[in-house]
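Keep in mind that this is a model prediction, so the values were computed, not measured.
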Amino acid sequence: MRVAGRSVRSVWAELRDRAAASDPGLLRLAAGLRTVSAIVLTLVVLSLLRADVTHLVAGAMAAMVSTFAIREKQRGPQAVTLALGLPVALASVSLSALLNTRVVVGDLFFVALIFGAVYIRRFGDRGTALGLIGFQIYFLSLFVGATPGQLPELYAAIAVAFGCSALARFVLVPETPTGVLERLRKAFRARLAQLLSAQIELLDADPDDLEKALDDVRQKTARLHESALMIQSRLGEGTSDEAVARLVQRRIADAEIAAERLGLLLLNLRSAERADTLTMHLPGASFPAADPLPERDEATVTLRRDLQSLRLLVLRPGVAGLSTALAQIRNRLLGYRDEKNLPPAAPAVQDAFRGIGESARAVLGLRIALEGPLDESDESDDSPETTRSREELDAEDAAIGASEESEDEEPRDTGLRRPTTRAAVQVAVGSALAIVGGELLSAHRWYWAVLTCWIVFLNTASTGEILVKGYRRLLGTVFGVVAGIVLAGVVGQHTWTAFGLVLLLIFAMFYSAPLSYTLMSFFVTAMLGLLYTLLHTYSMSVLVLRVEETALGAACGVVAAALVLPVHTDRRTNELLATALDRLSDVTEAAVDQLSGEPATELLDQARDLDTAVADLRASTKPLTHPITPLRTRRDTALYVVALLETCAYHARSLAATAELLPTHPSIAADPRLRRAGRRIARNLEVIAAHVAGEPDAGEVETGSSIASLLGPDVPGSPRYGRVTDRVLRHLQRLDEGVVGLARPLNVPVAEPKR
């Protein structure tokens, strides 16, 4: 029985880890459960009040809107926004009911409301939420055909919906910044363990399966980076003070860098020639010439065992009853940081063992940062290598806690250049076109075109993004119509069965929204088919009209984005590329200066800004890299540039992490010879950024001798990778090569190397 219970617990832990990795912080699950709970409570209360089906539908939709519109992270601001949203909703439904029969005045007011709902986003999360509530409740009134005589019942339904939304948010499915951050930390561990599993598969893969194994490593590496960015965005609200936030940020970055470096070392182990770092970031890049893995020799067997042990340390850092065994594993892995503990093997295999040692140190630091100082019983089994690692981590923690953060205000756009103002004008024009065209299609359901036009502008910043989003919404709507027809035929007139399926579809909609906009649109349209059934307005012609209005709304959105204050995809990506290059230059210069002996700077914040800039660039290139794009050359160029920039960002993060060790690490010393190499890289980045910004006379990218040659010949008898300065030079060399590589696809002239 005990064995069976332990097996059940093991399976449950595995499922929990998989859920945490696939849904970091369980944010999608919580959002779906919170919305469904609010709707269920609303339906229960309204049914007890003997409300009819129309008001049940209105209450359910109001509960959904009042729940997903709130975006603040702290509970206090959430409560204030929800309280302000109720009068906004009541005013919106009143105006809709009063103006519904006055076509011209009602349409003009709707356009003005849409403009205001988008413009108010400039005031942050609260403005975004109130604008969303105002628009969606107006749409809700049109959907149920509200009249002035129905307003008292609608007021009651909306008030009940907001109350149930508050109950679901603050009682049934509460969400606190601290709790979200804790779940994100668990997700980071789970994704780190998944990456290690993929790396083990890469080590064991047959030559025919290496491409697939490498793709899996790439995917898991990208997901780990996504989790790290999500944690960084939540640190300010979810930690007790700034020092703790900075410590967690540093340990997350250490673990990510160590895991990515370990993957590269394993890739080198399986390659007949040294693999380029770009191979880890470029989707579809072919595997370097495979080198057969030695058949079960002692070193590779030990390597495989230690990778499994490292994964165990990640997933089970402090399991009761296993502390002694885990301590022995930790001691063994940390011992690989010392040259004398490396097993006799080929240099590439020894490099992999060194990578395991550095990863074990990062995992130890992550545990201390997330769970606090370890007790004496945990430290009693420490080896000398583990004790040294703890002392290094303690010194780094003290240095991080003593630093102060400085923030610089960046200039903001004004007037029509402000993104919210420009988007408000665009969506107002597009909505006006959608109203005119929608009424030509249907005098009663024209608002579907307006809704689509509104939605395609949400979270988009360029014409290309709006085009892709409109295409995805139309595709999801077409398939959703088919599903709606099937579900409506199955449900018939069974009201509560239909409501139950509506709840399932709403949960699926929220859970799938961050993953696939097409899938979300599918669930929305299928749900609407059921709502039409409940309102006794279902017919095949209604669902076909839904597709037509969706296509019209998407087309109006694209036309408005292309003709009114357009932000072309090329311009948007160039702006974000220039920003990413500037951030890369800042991190590189600051890290090299610190490694050269200059005073310490805030490298953590600069590295975080770099990661954010690269993530924004990657998102903006999606229209260029979409599978349906006919411009294959541009698609390949965009993929290559983003992958190369991610590679450069990895090396810059590694340099920053090493530079921050300088004041506390006994084996790192400042080397003034690095300054010249840093200057060349920074100048090349400035030249590329200037060309991207449209300055053709910005100069040429310089090339020269290998940066590694700055150290001169190795001292005889010195270990191959014993000096930290040697690792710094390797990162600088790869960064220099990556920056020069960026120049070619961006058509930046490259000077001939000086002799």
Side-chain angles (χ1 to χ4, degrees), residues 9-38 67-68 70-78 125 168-197 220-241 244-256 259 311-320 362-363 365-372 507-508 510-515 608 611-612 615:
R9 287 195 299 271
S10 176
V11 172
W12 172 249
E14 181 70 20
L15 292 175
R16 187 179 58 209
D17 292 337
R18 288 181 178 273
S22 63
D23 180 14
L26 302 179
L27 299 182
R28 301 200 313 271
L29 178 65
L33 290 177
R34 190 177 301 112
T35 305
V36 169
S37 299
T67 304
F68 77 74
I70 309 299
R71 300 187 179 187
E72 285 100 340
K73 298 181 177 66
Q74 298 286 353
R75 293 165 68 87
Q78 289 176 3
D125 289 338
R169 176 175 296 277
F170 300 119
V171 179
L172 297 181
V173 192
E175 180 179 277
T176 62
T178 304
V180 171
L181 184 59
E182 178 60 29
R183 294 198 299 271
L184 284 173
R185 293 169 180 174
K186 292 179 180 178
F188 182 83
R189 274 202 176 116
R191 286 194 165 180
L192 179 56
Q194 286 187 347
L195 175 57
L196 290 172
S197 297
K220 298 299 192 302
T221 302
R223 288 183 176 178
L224 183 69
H225 186 60
E226 175 195 5
S227 293
L229 290 177
M230 294 178 70
I231 290 173
Q232 289 176 359
S233 68
R234 299 274 181 163
L235 280 174
E237 297 85 7
T239 49
S240 56
D241 56 55
V244 174
R246 295 175 63 73
L247 176 60
V248 172
Q249 179 185 343
R250 170 58 191 271
R251 295 306 170 213
I252 291 291
D254 285 346
E256 181 189 358
R311 182 178 181 276
L312 179 63
L313 282 182
V314 170
L315 285 176
R316 305 289 178 263
V319 178
V363 171
L366 191 64
R367 177 187 175 184
I368 295 174
L370 299 185
E371 301 177 11
F507 176 82
F510 280 93
Y511 195 80
S512 63
L515 301 178
R608 180 176 59 185
D611 288 337
T612 302

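The CG atom of L315 sits 12.5 Å away from the NZ atom of K186 when rounded to the nearest 0.5 Å. To the nearest 0.5 Å, the span separating CG on D254 from CG on L366 amounts to 9.0 Å. Summarising the geometry, atom CD1 belonging to I252 is positioned 9.0 Å from atom CG belonging to L192; distances are rounded to the nearest 0.5 Å. The CZ atom of R189 lies 13.0 Å from the CG atom of L184; values are rounded to the nearest 0.5 Å. Taking CZ from R251 and CZ from R246, the interatomic distance works out to 12.5 Å, rounded to the nearest 0.5 Å. Considering CD of Q232 and CG of L181, their distance stands at 11.5 Å, rounded to 0.5 Å.
Annotation: side chain of V180 is not in contact with side chain of K73 (no heavy-atom distance under 4.5 Å). Looking at heavy atoms from C-beta onward, E256 lies out of side-chain contact with R191 at the 4.5 angstrom threshold. Taking 4.5 Å as the limit, every side-chain heavy atom of K220 sits out of range of all side-chain heavy atoms of L224. At a threshold of 4.5 Å between non-hydrogen side-chain atoms, the residues R34 and F510 do not count as touching.
The two residues F507 and V36 have their closest heavy-atom pair at CB-CG2, 3.7 Å. The shortest non-hydrogen separation linking V363 to V314 is CG2-CG2, 3.7 Å. A30 approaches V173 most closely through the heavy-atom pair O-CG1, 3.9 Å. Heavy-atom minimum distance, R75 versus P174: NH1-CB, 3.6 Å. Across I70 and R169, no two heavy atoms sit closer than the pair CB-NH2, 3.4 Å. When every heavy atom of F188 is checked against every heavy atom of A255, the shortest pair comes out as CE2-CB, 3.9 Å.
When atom types are taken as modelled, the side chain of R28 and the backbone of Y511 share a donor-acceptor pair closer than 3.5 angstrom.
At a threshold of 4.0 Å, the pair D611-R608 does not count as salt-bridged, since none of the basic side-chain nitrogens sits closer than that to a carboxylate oxygen. Note on E226 versus R223: no salt bridge recorded, every NZ/NE/NH1/NH2 to OD/OE distance being 4.0 Å or above.
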